[in-house]
Amino acid sequence: MDKIHALPFLNVIEWLLIYIPILYHTVYGVWIVATGQPNIAQYPYGKNWFYFFQRVSAIIIVAFMIFHILGMKGVFGTNLEFVPEKYALESVRWHFQRHWSVLYLIYPIGVLASCYHLANGIWTAAITWGLTVSEHAQRRWGYVCFGLFLLTLACGILALVGVMRINEVTSPAWLRG
Ligand code: HEM
Ligand code: HEM
């Protein structure tokens, strides 16, 4: 994070590569979720459930990102704020230490929803873009996407384990000023 904050034009990079794409996808995605009509009761096929969970995970990600990004930006108070450079590690630990549910419930669910949504999204995107036409191709691509799901999930869980291994912060220096 320190290295990221040392980048020149960080604001421009963040907006171009992170915020604008996510905002575009979020607005479009929420519209799709809001206008879609789930029909898993009539057609209880496996892949229909996958698509249903694509929408469920989307809603979870919206809520998670509001908590995660605005929290780290300090919008909900200094107790959740990420303070880069001098207090990067401590403030991340402090953020996760606020309540047991942050580390053991909110983040695991946010990570799981994100890993599922990305992997399943890439699987369905290959169909709509005409890349995987045959059933065979879709099955093979499914294995790749499942691998991506496991890989990103492992990275997310390792990040959370990493957070646990930072020593507890009892009196945050940045709160004292
Ligand atoms: C494994 C748990 C996670 C940890 C430890 C973590 C940590 C962080 C930290 C420390 C920041 C602040 C960066 C900064 O201000 O420079 C941040 C920002 C961010 N995180 Fe996470 N994060 C996690 C999971 C996620 C997930 C699952 C998503 C996707 C849904 C996500 C999306 C973002 C976004 C979009 C930002 C804002 C980027 C920016 O301000 O440049 N994070 N995260
Ligand atoms: C912020 C909240 C989000 C919402 C509301 C949302 C919503 C959706 C919805 C409804 C779909 C299904 C579109 C369809 O097949 O008709 C979708 C697809 C997808 N989502 Fe998200 N999403 C969100 C965040 C993310 C994030 C953080 C990522 C990962 C970077 C992501 C990656 C994808 C991908 C790769 C697809 C497949 C795109 C395609 O079929 O062309 N989404 N999203």
Side-chain angles (χ1 to χ4, degrees), residues 1-7 9-39 47-48 50-76 80-98 102-132 138 141 144-145 148-149 151-166 174:
M1 283 301 169
D2 272 349
K3 299 237 162 41
I4 290 175
H5 278 268
L7 289 173
F9 310 112
L10 183 58
N11 264 333
V12 179
I13 299 174
E14 276 182 337
W15 277 97
L16 280 183
L17 298 182
I18 303 177
Y19 297 135
I20 292 176
I22 287 186
L23 281 173
Y24 168 76
H25 184 79
T26 305
V27 172
Y28 185 41
V30 166
W31 181 77
I32 290 174
V33 173
T35 55
Q37 295 174 333
N39 56 5
K47 288 296 179 285
N48 204 5
F50 275 51
Y51 189 67
F52 174 70
F53 283 120
Q54 186 72 1
R55 294 167 185 196
V56 172
S57 58
I59 296 163
I60 294 175
I61 297 173
V62 173
F64 171 75
M65 285 230 224
I66 290 173
F67 173 80
H68 179 52
I69 302 177
L70 297 186
M72 291 254 175
K73 294 277 178 210
V75 174
F76 305 135
L80 284 171
E81 190 175 3
F82 172 63
V83 187
E85 282 112 37
K86 230 171 141 195
Y87 299 111
L89 275 182
E90 292 94 324
S91 60
V92 165
R93 183 66 166 104
W94 185 248
H95 172 96
F96 281 89
Q97 216 177 277
R98 281 301 66 215
V102 177
L103 183 56
Y104 294 104
L105 195 72
I106 298 175
Y107 274 82
I109 290 177
V111 166
L112 182 67
S114 305
C115 298
Y116 174 81
H117 188 87
L118 179 65
N120 190 55
I122 289 178
W123 186 77
T124 54
I127 302 174
T128 43
W129 295 350
L131 297 173
T132 48
Q138 288 173 11
W141 186 235
V144 176
C145 293
L148 177 72
F149 168 74
L151 180 73
T152 50
L153 188 63
C155 292
I157 292 170
L158 283 177
L160 293 177
V161 170
V163 168
M164 283 178 214
R165 293 177 57 181
I166 311 169
W174 67 94

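Because the structure is predicted, anything quoted here is derived from the model rather than measured. Order of appearance sets the numbers: ligands from 1, and atoms from 1 within every ligand. Each residue takes its place number in the sequence, starting with 1.
Atom 5 (C) of ligand 1 has its closest protein heavy atom at Phe96 CZ, 3.8 Å. Of the protein's non-hydrogen atoms, the one nearest atom 12 (C) of ligand 1 is Phe82 CD2, 3.7 Å. At the top of the distance list for atom 40 (O) of ligand 1, counting protein heavy atoms only, stands Tyr19 OH, 2.5 Å. Here the heavy atom of the protein found nearest to atom 14 (C) of ligand 1 is His5 NE2, 3.3 Å. The nearest protein atom to atom 13 (C) of ligand 1, hydrogens excluded, is given as Met1 SD, 3.6 Å; this is a heavy-atom distance. What sits closest to atom 29 (C) of ligand 1 on the protein, heavy atoms only, is Ser114 OG, 4.0 Å. When hydrogens are left out, the protein atom nearest atom 26 (C) of ligand 1 is Phe64 CE2, 3.5 Å; that is the closest non-hydrogen contact.
Separation of atoms CZ (Phe52) and CG (Asn39) is listed at 11.0 Å; rounding is to 0.5 Å. Expressed to the nearest 0.5 Å, how far CG of Leu23 lies from CE of Met65 amounts to 9.0 Å. Put simply, CD on Glu14 and CD1 on Ile22 are 10.5 Å apart, with the number rounded to the nearest 0.5 Å. Interatomic distance, CZ of Phe96 versus CG of Leu80, reported as 10.0 Å (0.5 Å rounding). Residue Leu103 holds its CG atom at 9.5 Å from CD of Gln97, rounded to the nearest 0.5 Å. With rounding to the nearest 0.5 angstrom, the CG atom of Leu153 is 6.0 Å from the CG atom of Leu112.
With ring centers used as reference points, Phe76 lies 6.0 Å or more from His95. Between Tyr87 and Phe82, a ring centre-to-centre spacing not shorter than 6.0 Å is recorded.
If you look at Val92 next to ligand 1, the close heavy atoms, those under 4.0 Å, all belong to the side chain. Residue-level proximity to ligand 2 for Tyr51 is carried by the side chain, the only part with a heavy atom below 4.0 angstrom.
Here is the list of ligand 2 atoms found below 4.0 Å of a heavy atom in Val33: 10 (C). Atoms of ligand 1 lying under 4.0 Å from any heavy atom of Lys73, numbered from 1 in the order shown and given with element: 40 (O). Less than 4.0 angstrom separates some heavy atom of Ala159 from each of these atoms of ligand 1: 1 (C). Short contacts between ligand 2 and Ala125, defined as distances under 4.0 Å to a heavy atom of the residue, involve ligand atoms 39 (C), 40 (O), 41 (O). Numbered from 1 in the order shown, with element, the atoms of ligand 1 that lie under 4.0 Å from a heavy atom of Gly156 read 1 (C). Atom numbering of ligand 1 starts at 1 in the shown order; those under 4.0 Å from a heavy atom of Val111 are 1 (C). For ligand 2 and Met65, the ligand atoms under 4.0 Å from any heavy atom of the residue are 27 (C).
For Ile18, the closest heavy-atom approach to ligand 1 falls below 4.0 Å. Ligand 1 has no atom lying under 4.0 Å from any heavy atom of His95. In this structure, Pro84 does not count as a contact residue of ligand 1, since none of its heavy atoms falls inside 4.0 Å of the ligand.
Distance alone, capped at 3.5 Å, is enough to place a donor-acceptor pair between the Arg93 side chain and the Ile166 backbone.
The side-chain contact (heavy atoms from CB on, under 4.5 Å) test applied to Val27 returns no partner, not counting sequence neighbours.
Around atom 21 (Fe) of ligand 1, the protein N, O or S atoms closer than 2.8 Å are His68 NE2, listed by chain and residue number. Atom 21 (Fe) of ligand 2 has His25 NE2, His117 NE2 as protein N, O or S atoms under 2.8 Å away.
For the residue pair Ile61 and Ala113, the shortest heavy atom distance occurs at CD1-O, 4.0 Å. Across every non-hydrogen atom of Val83 and Ser91, the tightest pair is N-OG, 2.9 Å.
Proximity of Glu90 to Trp94: side-chain heavy atoms (C-beta onward) are nowhere separated by under 4.5 Å. Residues Glu81 and Met72 fail the side-chain proximity criterion, which asks for heavy atoms closer than 4.5 Å. Phe64 has its side chain out of reach of Ile69: every pair of non-hydrogen atoms, C-beta onward, lies at least 4.5 Å apart.
For Glu14, a nitrogen or oxygen atom sits less than 3.5 Å from a nitrogen or oxygen atom of ligand 1, counting backbone and side chain alike.
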Step-by-step side-chain contact (heavy atoms from CB on, under 4.5 Å) determination, Phe67 to Tyr107: CA-CA 10 Å; Phe67 173 80; Tyr107 274 82; 3.9 Å; yes
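For atom 2 (C) of ligand 2, the candidate residues are Ile32, Val56, Val62; the nearest heavy-atom contact is made by Val62.
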Extract all donor-acceptor atom pairs below 3.5 Å that involve side chains of residues 114-130 and protein atoms in other chains or at least two apart in sequence.
from: Ser114; atom 1: OG; to: Gly110; atom 2: O; distance (Å): 2.7
from: Tyr116; atom 1: OH; to: Phe50; atom 2: O; distance (Å): 2.7
from: His117; atom 1: ND1; to: Gln54; atom 2: O; distance (Å): 3.2
from: His117; atom 1: ND1; to: Gln54; atom 2: NE2; distance (Å): 3.4
from: His117; atom 1: ND1; to: Ser57; atom 2: OG; distance (Å): 3.1
from: Asn120; atom 1: ND2; to: Phe50; atom 2: O; distance (Å): 3.4
from: Asn120; atom 1: ND2; to: Gln54; atom 2: OE1; distance (Å): 3.1
from: Trp123; atom 1: NE1; to: Gln138; atom 2: O; distance (Å): 3.0
from: Thr124; atom 1: OG1; to: Asn120; atom 2: O; distance (Å): 3.3
from: Thr124; atom 1: OG1; to: Gly121; atom 2: O; distance (Å): 3.1
from: Thr128; atom 1: OG1; to: Thr124; atom 2: O; distance (Å): 3.3
from: Thr128; atom 1: OG1; to: Ala125; atom 2: O; distance (Å): 3.1

